[in-house]
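Structure record follows, encoded as structure tokens.
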Amino acid sequence: RSYTNQVIQSGKTVIAIDTSEYVASNVRLRSYEGSQYYSLIAAPVYIDGNMEAVIVLASFTEKPAKNPERAIASLY
């Protein structure tokens with residue numbers, strides 16, 4: 001189940017510090033060369049109490065995954 005779908009189903013933010021297990025389990029993602037993401041934050045966007053979108057911030061370098069608190073703090 002994708003991170004975006006997890007947000008849609010739960011209505012809550014998902015923070016994935018290490019996505020390697022998810023990428024390894026997804027044949028389609030494994031075939032993408034050079035586009036692996038290491039960590040991500042996926043959050044619902046609510047308008048008038050209804051979820052209208054999901055915004056995803058993904059790291060394409062290993063560095064932010066090593067310091068997730070800094071990445072999360074930068075959102076505020």
Exactly one of I41, V14, V56, T13 should register a side chain to side chain contact (heavy atoms under 4.5 Å, CB included) with V7. Which one does?
V14
Given a cutoff of under 4.5 Å between side-chain heavy atoms of I, L, V, M, F, W and Y, with clusters grown through shared members, what are the other residues clustered with V45?
I55
Hey, could you give me the CD/OG distance between Q9 and S2, rounded to the nearest 0.5 Å?
8.5 Å
Side chain to side chain contact (heavy atoms under 4.5 Å, CB included) filter on E52, not counting sequence neighbours, yields I47, N50
Taking every heavy atom of P44 against every heavy atom of G11, the minimum-distance pair comes out as CG-O, 3.4 Å
